[in-house]
Amino acid sequence: MTGRSVVRTVTRPAPFLLSLVLLAGVWEVVGRTADLITLPPLSDVLRQFGAMLASGELIDPLADSLRSLGIGLAISIVAGTVIGVAMGLSPAVDAALDIYVKAGLAAPIIAFVPLFLLVFGIGSTTRIATVVAFSIWVVIVNTATGIRRSDPALLEMARSFGASRSAQLREIRLVEASPYLLEGLRLGVARGVKGLINGEVLIAIVGLGGLVKRYGTVFSMDKLYAVILFIVLLALVSVALVGLVGRLLFRHRPQGT
Amino acid sequence: MTEQETAPAAISVRGVGKTYVDERRRRVTALQDVDLTVRPGEFVSIIGPSGCGKTTLLKMVDGLIPFDHGRIDVQGTPVRGPGPERAVVFQSFALLPWLTVVDNVAFGLKQRGVGRAERTRTARDLLARVGLRGFGDHYPRQLSGGMQQRVGLARALAVNPSVLLMDEPFSAIDAQTRLLLQTDLLRIWDETAMSVLFVTHAMDEAVFLSDRVVVMRPRPGTVHEVIDIDLPRPRTERTRQDPRFVELTGQVWDRLRGMIVADGPKPDGPESDATADGGPSAASGQPAGATA
């Protein structure tokens, strides 16, 4: 789900609220009547959620996780944009790197986490590497696509008026590519969150993913659901935030010419 | 216009040719042996059917497209690329949609390192000159096509060029607005010492504006004939009723008709311009006016 659609969903409340209430109702009723150990009633989960939030049990791992997420995303965005620009501008660079980017997009990155764990140990470096490995590919692909889609007529105009190659990049190509850059950012953040939690579950003792692992192993289902709920919220909020930032930055971008 | 023997020509094209290989790996001669001179202060139009290479030739004069044979000089200096003494008005306007009108007009000045305050002042002056006073803070999409091309003209004038190159600038604009733009263009040209090279599909436009009309023919693109337009200046709306205007437009049509009839409605030739397809419909609207 993209940031914009999250915002739109939340600001178009009636159908969204209806589906939310329905889901919550079904969960609560089934949880109470079926008495399954794997599905505690929603009210228990929410009570636990409140308690864990109040006790700091969620916040400390969150801060820990967010730090790795932030560093990893920053690396992905900077390196991914630079690589994407190079691939978009130069067919040679594109030919040299395209296969790796495609592989990175398609490969199950989760398989690399044990490797990262061996190389980097259980510190935050492994989690940062996981976030980068999950998120950098979409940033590269979107940047390269956006740069390649520059309108030749605008570039020709810029050249005619004496714009240098770097001015053409800064003033035409990157601005024109901004919707692509933003979409890459959105997808990158979503994948980064995914990668972070996946990595933490595998590493098993750190961050929010560590909590998932811990409560899952001991069948503390209400706490497990509370953590999962928290992670889903975190993902939605991060992606919505990117969408919001993007729309503030590119307010004036028209749809077409 | 009197010829100034001492000053070098504003534009001198000598024996220019260009060949390229198309998608089906055939060699296509886009231009062959093109000779063309624009004297200082002169207004010269190029007209010809699609595929005659007129837009390609204009872009060569600006230094945007390389050529294989011959030489092109602007004010006595060989063209190696775009230069500060030339500016182009583009068929598609080529305005940056994310910039305000005033920033669009200032684009060329910015590339030359002119400071923000000064280039904004110059840009606002030029907007007033092209009849867009008060529109500086609008965005291009808020303006009509005719107004957008006035912005394109102001952007070109802002760099104070001595040679103005116009690539079918009014072909995407409705007929009535186009007439107004033509008279405004002549008024502005009259106030400057600019030489203008103007590519068009419209015969009445070429005759109305120009000192000379260069008729090109396609396959390979080359100069077919140069017609002197001896209509008095300043030219006004009344010029369009002048029997001599009608006669000259008819003359241009005579030269073009043979090429178009012989050619039939085939797909476009080597003209690089993607929007060149928009032209023929404009040109086909002309014969009625020309023979009226």
Side-chain angles (χ1 to χ4, degrees), chain A residues 3-4 81 84-85 88-91 95 142-143 145-186 242-257, chain B residues 55 58-65 79 81-100 103-114 119 137-143 145 148 151-152 155-159 161 163-167 172 272-275:
Chain A
R4 191 171 305 176
T81 305
V85 166
L89 288 178
S90 153
N142 273 274
T143 306
T145 307
I147 292 290
R148 252 180 248 124
R149 293 274 167 94
S150 304
D151 182 352
L154 294 185
L155 289 172
E156 188 175 59
M157 180 282 294
R159 209 150 61 84
S160 173
F161 280 98
S164 64
R165 276 181 67 87
S166 77
Q168 287 173 43
L169 178 63
R170 276 181 287 112
E171 295 180 38
I172 312 281
R173 286 185 185 271
L174 282 174
V175 187
E176 268 204 291
S178 58
Y180 288 90
L181 298 183
L182 192 61
E183 193 55 32
L185 195 62
R186 234 181 246 151
V242 175
L244 212 67
V245 168
R247 269 179 313 143
L248 286 179
L249 281 177
F250 308 121
R251 227 174 338 182
H252 294 308
R253 224 206 117 78
Q255 309 302 314
T257 36
Chain B
T55 289
L58 180 120
K59 288 183 177 173
M60 284 175 175
V61 173
D62 192 47
L64 288 170
I65 297 181
V79 168
E85 77 291 348
R86 281 160 285 156
V88 180
V89 178
F90 294 89
Q91 181 180 19
S92 64
F93 315 152
L95 301 178
L96 303 180
W98 55 86
L99 293 186
T100 60
D103 285 341
N104 265 290
V105 174
F107 183 83
L109 295 170
K110 186 181 181 194
Q111 304 311 320
R112 291 179 190 189
V114 176
R119 63 178 193 254
D137 298 321
H138 285 58
Y139 285 87
R141 65 181 180 279
Q142 298 171 302
L143 306 183
Q148 289 191 33
V151 177
R155 176 178 59 193
L157 295 173
V159 297
V163 172
L164 185 64
L165 305 169
M166 304 185 79
D167 179 21
S272 64
D273 195 343
T275 41

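Just so it is clear: chains get the letters A, B, ... in the order the sequence lines come, proteins before strands, and each one is counted from 1.
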J.: Taking side chain as everything from C-beta outward and backbone as N, CA, C, O, which of these in B/Val159 sits under 4.5 Å from a heavy atom of chain A? Side chain, backbone, both or neither.
T.: side chain

J.: Nearest 0.5 Å, please: how far is OG in A/Ser164 from CD in B/Gln111?
T.: 7.0 Å

J.: At their closest point, which heavy atom of A/Ala153 faces which heavy atom of B/Ser92, and how far apart are they?
T.: CB-OG, 4.0 Å

J.: Which atom pair, heavy atoms only, marks the closest approach of A/Ser160 to B/Pro82?
T.: O-CB, 3.6 Å

J.: Rounded to the nearest 0.5 Å, how far does CZ of A/Phe161 lie from CZ of B/Arg155?
T.: 5.0 Å

J.: For residues A/Glu156 and B/Leu64, report the shortest heavy-atom separation together with the two atoms involved.
T.: CG-CD1, 3.5 Å

J.: Quick one: pull up CD in A/Glu171 and CG in B/Asp103 and give me the separation to the nearest 0.5 Å.
T.: 10.0 Å

J.: Would you find more than 12 non-hydrogen atoms of other residues, nucleotides or ligands less than 6.0 Å from A/Arg165 atom CZ?
T.: no

J.: Rounded to the nearest 0.5 Å, what separates atom CG in A/Leu154 from atom CZ in B/Phe93?
T.: 13.0 Å

J.: For the interface with chain A, which of B/Pro161, B/Gly108, B/Gly81 has the highest count of heavy-atom pairs at distances below 4.5 Å?
T.: B/Gly108

J.: Using side-chain contact (heavy atoms from CB on, under 4.5 Å) as the criterion, point out the one residue from B/Val88, B/Leu96, B/Asn104 that pairs with A/Met157.
T.: B/Leu96

